[in-house]
K.L.:
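Have a look at the structure that comes next, please.
Just so it is clear: chains get the letters A, B, ... in the order the sequence lines come, proteins before strands, and each one is counted from 1.
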Amino acid sequence: GQNIDQPTEMTATEGAIVQINCTYQTSGFNGLFWYQQHAGEAPTFLSYNVLDGLEEKGRFSSFLSRSKGYSYLLLKELQMKDSASYLCAVRGNTDKLIFGTGTRLQVFP
Amino acid sequence: ETGVTQTPRHLVMGMTNKKSLKCEQHLGHNAMYWYKQSAKKPLELMFVYSLEERVENNSVPSRFSPECPNSSHLFLHLHTLQPEDSALYLCASSQDRSGAGGELFFGEGSRLTVL
């Protein structure tokens, strides 16, 4: 079967660093995506990894290890506006995106 | 503003009603999607259209009927729904089905409640 696992909820403090993990088991692999979704809003694209390693984009970085079926999203210098759900999604052999349940991050002052 | 607009944002309907959800994308994309988002569940892909042709029907009950009259518009027609169909229905578009990256652009969703 196909499965994407990520923690349901996380909390962190403003200014801190948080790492959201995602593990996956899919039929084939053609890339991993991270999306951010604020409550009541559309999911928005954050990052895309298809090769192993770290992709950095400002305060956000995403890492991929294909051999381990593992990715993480790293958020630095957390701000209150980073409170949202973070969705991990994998594109398998069929080009369909398979989503995890999402990680709800709450940032406290 | 993601370039994908969904209406209505909220819809309450009885099990015998017929209603439709509408999605419009202003990005010049060739592929459009319907997803269902329920609490504590992963996003579920329902339908995929590529160049106005349905290319994916993910075992969705026939009470959900999609329509794609052109590459900018997508509808989801609803008929005799069940209370368990209450969810957020998200429309998305992408440049094509399997281009490099293949990033999805989502609308803000239509929150459906079936009484």
K.L.:
How long is the span from the CG atom in B/Leu43 to the CD1 atom in A/Ile98, to the nearest 0.5 Å?
P.N.:
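Atom-to-atom, B/Leu43:CG and A/Ile98:CD1 are 12.5 Å apart.
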K.L.:
B/Leu21 and B/Val4: same hydrophobic cluster, using ILVMFWY side-chain contacts below 4.5 Å?
P.N.:
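In one cluster: no.
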K.L.:
Can you tell me how far CD of A/Gln37 sits from CD of B/Glu108, rounded to the nearest 0.5 angstrom?
P.N.:
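One finds 10.0 Å between CD of B/Glu108 and CD of A/Gln37.
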K.L.:
Find out if a path of hydrophobic residues (ILVMFWY) with successive side-chain heavy-atom gaps under 4.5 Å connects A/Ile17 to A/Phe60.
P.N.:
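No, A/Ile17 does not connect to A/Phe60 through the hydrophobic network.
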K.L.:
Is it true that B/Val48 and B/Phe75 fall in one hydrophobic cluster, defined by side-chain heavy atoms closer than 4.5 Å?
P.N.:
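Each belongs to a different hydrophobic cluster.
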K.L.:
Give a yes or no on this: more than 12 heavy atoms of other residues, nucleotides or ligands lie within 6.0 Å of atom CD of A/Glu14.
P.N.:
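Yes, enclosed.
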K.L.:
Are B/Leu112 and B/Met46 connected into the same hydrophobic cluster when the rule is that any two of I, L, V, M, F, W, Y join if their side-chain heavy atoms are below 4.5 Å apart?
P.N.:
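Yes; B/Leu112 is reachable from B/Met46 via cluster members.
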K.L.:
With rounding to the nearest 0.5 angstrom, report the NZ to OG1 distance, B/Lys41 to A/Thr101.
P.N.:
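It comes to 12.0 Å.
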K.L.:
Report which part of B/Arg111 has an atom under 4.5 Å of a heavy atom belonging to chain A: side chain, backbone, both, or neither.
P.N.:
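The answer is neither part of B/Arg111.
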K.L.:
Of all the heavy-atom pairs spanning B/Gly107 and A/Pro43, show the shortest one and how long it is.
P.N.:
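Closest heavy-atom pair between B/Gly107 and A/Pro43: O-CD, 4.2 Å.
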K.L.:
Side-chain heavy atoms under 4.5 angstrom apart, residues restricted to Ile, Leu, Val, Met, Phe, Trp, Tyr: same cluster for A/Tyr70 and A/Leu54?
P.N.:
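A/Tyr70 and A/Leu54: one cluster.
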K.L.:
So, taking the atom named CZ in A/Phe99 and the one named CD in B/Gln37, what distance separates them when rounded to the nearest 0.5 Å?
P.N.:
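Nearest 0.5 Å value for the CZ-CD distance: 9.0 Å.
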K.L.:
Please classify the contact between B/Phe105 and chain A as side chain, backbone, both or neither, with a heavy-atom cut-off of under 4.5 Å.
P.N.:
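Contact with chain A is absent: no heavy atom of B/Phe105 under 4.5 Å.
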K.L.:
So for atom NZ, which belongs to A/Lys68, do other residues, nucleotides or ligands contribute more than 12 heavy atoms lying within a distance under 6.0 Å?
P.N.:
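For A/Lys68, atom NZ is not crowded (no more than 12 foreign heavy atoms under 6.0 Å).
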K.L.:
Are B/Phe106 and A/Tyr35, when compared by the centres of their aromatic rings, separated by less than 6.0 Å?
P.N.:
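Here the rings of A/Tyr35 and B/Phe106 have centres that are less than 6.0 Å from each other.
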K.L.:
To the nearest 0.5 Å, what is the distance between CD on B/Glu103 and OH on A/Tyr48?
P.N.:
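If we round to the nearest 0.5 Å, B/Glu103:CD and A/Tyr48:OH are 11.0 Å apart.
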K.L.:
Within the structure provided, determine whether B/Leu104 and A/Leu97 are in side-chain contact (heavy-atom separation under 4.5 Å).
P.N.:
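Sidechains of A/Leu97 and B/Leu104: in contact.
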